[in-house]
There are 2 protein chains.
Amino acid sequence: MKPQPARRSSPGVPRCERCTLHARCLPLGLELDALHSFEAIIQVPQALKRGQALVRQGEPFENLYVVRSGSLKQSVAQPGQRDQVTHFYLPGEVVGLDAIGEAECHGSVVALESAFVCELPFTRLEDLAEQLPELRGQLYRCMSRELRRDQRMMCLLSGRTADQRLASFLLGLSERFRARGFSPFCFRLSMSRSDIANYLGLALETVSRVLARFQEQGTIAVAGREMTLLDIESLEGLAREGVGLRGVN
Amino acid sequence: MKPQPARRSSPGVPRCERCTLHARCLPLGLELDALHSFEAIIQVPQALKRGQALVRQGEPFENLYVVRSGSLKQSVAQPGQRDQVTHFYLPGEVVGLDAIGEAECHGSVVALESAFVCELPFTRLEDLAEQLPELRGQLYRCMSRELRRDQRMMCLLSGRTADQRLASFLLGLSERFRARGFSPFCFRLSMSRSDIANYLGLALETVSRVLARFQEQGTIAVAGREMTLLDIESLEGLAREGVGLRGVN
DNA sequence: TGGTCGACTTGATGCAGGTCAATCAACGTT
DNA sequence: AACGTTGATTGACCTGCATCAAGTCGACCA
């Protein structure tokens, strides 16, 4: 696996400037010197195999991670309940923001496929942020963006139909792929039906059925984990669809 | 800015040291000088009447607010959908974290009853945070706490029964009241059934029915908006209750 | 004193989607 | 080739809760 010699020597430590995610990653907007200081605190990237855990719930919180390639899921285990999948992380997204200021990681994060992540020791990041207002801003922005994402998710889970949830989910993925330069129409689902179901608060059979229905309506074409969005328009219609729970007050 | 001259006069500008929320508020852990600098950026507290809006969705984002007394709700309006209540804010909680880094406020916040809030212009807060690591830390911590809270909410909305949602909701409120020095057993719901229903992703009739059932089981006593938790144990049992959606994989 | 409004409760009904169960396809593994 | 395993699909059934609808209880006003 790679030539990867010493510890943090050259081949491993990434040059952010060259990274394809440059435009969507944490150090976005940093000056050149700042960028170099930033690069200096990045640990050698970790390679993860499918199913391998990046962080385990309850471990002491020490690092943030940025996904370079591949994808991961976060899930939290609650007392007597089944686990809940809370996030899927795609390249450029930051893992661990929800543990800042806590002693321990509050969810487990595992790779859904082979993945690389950049490791950022949080204390060093914090020190650096002390000197770099831009970096601070980026951190705030990331967290606040995640807050908004979670709220959108809450809206989704709160009284949307299975169709709406799936449609939104697919559109959301599509959008994220587009933003990263991949095709927004045709992609591979790295997560299982069961992960999707859990994430969306549905039974996995329902996910299967709804996808099948979408398919026979000609909205999507799905074969296993290969997904093609044929008719974005109508997907958006499905996602909106003002039925749901009774009106206002 | 010590003896506090002109600007917007004395009675308003709060002394954090004397504030009863001191121990749970943003400036927690600041040194005395730091605290004074912090106080200096607080605008004169706003008084809100029931139903009055503190921020409106889409307005330019400029301030964070800390609730001093009373309570508020945040709701976001989406395209063709009914509004979704995303938060209830109690004294000591910070309004607006989810808009940081955005141009506009992404939800409306209105008072559920007479309320006071401290206004913190965000740019000044940011400048101050540049010099006060403690304050920075507090900001991070607040945001990250909110992230965790949202995630807990997502878990709640994702495949918990109406009973579990209500039970968790009541316990959550109870906990927050306790933390603020109020009775955790007996409190007034400042929000309507419809707000609760919307927040929990239920129909308001369901809320009504479940509360009635809890009452006849002797778990709570509820009369209009006066709520008494009679049997916390059994509420916790209800909140846990491992039924829900099918198990793991 | 009655009228109207808003917040809440209660009853009856139907359906979306959860649950149980069987089957199948794609893999390794031996 | 036979086997187990894991993920996905599909069918049949049943229940929790949304929905529709009516009724109650104040509070406020004329």
Side-chain angles (χ1 to χ4, degrees), chain A residues 49-51 73 81-82 84-85 110 112-113 156-167 169 188-216 220-227 238 241-249, chain B residues 50-51 73 81-82 84-85 112-113 156-167 169 188-216 220-227 238 241-249:
Chain A
K49 289 199 288 286
R50 177 191 163 84
K73 70 171 174 184
Q81 325 258 12
R82 61 124 182 227
Q84 165 78 22
V85 175
V110 317
L112 291 168
E113 56 192 326
L156 196 71
L157 291 174
S158 165
R160 299 273 121 89
T161 66
D163 288 23
Q164 292 175 306
R165 296 184 201 195
L166 256 306
F169 175 70
R188 222 185 99 73
L189 299 172
S190 56
M191 65 293 283
S192 70
R193 299 287 191 269
S194 154
D195 286 336
I196 299 175
N198 184 307
Y199 179 64
L200 294 177
L202 299 168
L204 98 183
E205 295 94 328
T206 305
V207 171
S208 199
R209 270 186 266 263
V210 172
L211 290 181
R213 187 148 33 78
F214 284 2
Q215 169 147 277
E216 75 195 21
I220 65 173
V222 51
R225 298 190 171 189
E226 294 302 328
M227 171 66 64
L238 284 164
E241 201 94 330
V243 276
L245 295 175
R246 175 126 103 229
V248 247
N249 272 10
Chain B
R50 177 190 160 83
K73 71 170 173 184
Q81 325 258 10
R82 60 122 182 230
Q84 165 78 22
V85 175
L112 291 168
E113 57 192 325
L156 195 71
L157 291 173
S158 165
R160 300 273 118 89
T161 67
D163 288 25
Q164 292 175 304
R165 297 185 200 196
L166 255 307
F169 176 69
R188 222 186 101 72
L189 299 170
S190 56
M191 65 295 281
S192 70
R193 298 286 192 270
S194 151
D195 286 335
I196 299 176
N198 184 307
Y199 179 63
L200 294 177
L202 299 168
L204 98 184
E205 295 94 326
T206 305
V207 171
S208 199
R209 270 186 263 266
V210 172
L211 289 181
R213 186 149 34 77
F214 283 2
Q215 170 147 308
E216 74 196 21
I220 65 173
V222 51
R225 297 190 173 190
E226 294 302 327
M227 172 65 64
L238 284 163
E241 200 95 332
V243 275
L245 296 175
R246 171 126 107 232
V248 251
N249 274 10

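Keep in mind it's a predicted model, so treat the numbers as computed, not measured. Chain letters run A, B, ... following the sequence lines, proteins first, then strands; residues in each count from 1. Computed from heavy atoms alone, side chains included, the values below leave out hydrogens, waters and symmetry copies.
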[X] [atom1] to [N] [atom2]: how many Å, rounded?
X      : N      : atom1 : atom2 : result
B/M227 : C/dC8  : CE    : C1'   : 13 Å
A/L200 : C/dG18 : CG    : P     : 11 Å
B/R213 : C/dT9  : CZ    : P     : 14 Å
B/E226 : D/dG26 : CD    : C1'   : 15 Å
A/L157 : D/dC17 : CG    : P     : 15 Å
B/E205 : C/dA12 : CD    : P     : 15 Å
B/L204 : D/dC17 : CG    : P     : 15 Å
A/R193 : C/dA25 : CZ    : P     : 16 Å

Side chain of [X] (C-beta onward), nearest among [options]:
X      : options                : result
A/S192 : C/dT9, D/dA8, C/dG18   : D/dA8
A/T161 : C/dT10, C/dG17, D/dT10 : C/dG17
B/A162 : D/dT10, C/dC8, D/dC17  : D/dC17

Crowding at CZ, B/R50 (>12 non-hydrogen neighbours, <6.0 Å):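 Atom CZ in B/R50 is not crowded, with 12 or fewer foreign heavy atoms closer than 6.0 Å.
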
Sidechain-backbone polar pair: A/R193 side chain, A/G224 backbone, donor-acceptor under 3.5 Å: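 Answer holds: yes.
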
Heavy-atom donor-acceptor pair, B/Q164 side chain to B/T161 backbone, under 3.5 Å: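 The answer is yes, because a donor-acceptor pair under 3.5 Å joins these two groups.
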
Listed partners of A/Y199 passing ring pair (Phe, Tyr, Trp, His ring centres under 6.0 Å), at least two apart: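 A/F88, A/F169.
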
Whether [X] contacts [N] is assessed here as follows: a side-chain N or O lying under 4.0 Å from the phosphate OP1 or OP2. Is that the case?
X      : N      : answer
B/R209 : D/dC17 : no
B/R225 : C/dC8  : yes
B/T206 : D/dC17 : no

Flag side-chain contact, heavy atom, 4.5 Å: B/L202 against B/V210: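 Counting from C-beta outward, B/L202 and B/V210 never come under 4.5 Å.
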
Sub-4.5 Å side-chain heavy-atom contact between A/M191 and A/V85: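 Side-chain contact under 4.5 Å: no.
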
Non-neighbouring partners of B/E113 that pass salt bridge (charged side-chain N to carboxylate O under 4.0 Å, His left out), sequence neighbours left out: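 Applying salt bridge (charged side-chain N to carboxylate O under 4.0 Å, His left out) to B/E113 gives none.
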
Relative orientation of the end axes in the helix from C/dT1-D/dA30 to C/dT30-D/dA1, expressed as an angle to the nearest 10° (five pairs per end):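 End-to-end axis angle: 30°.
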
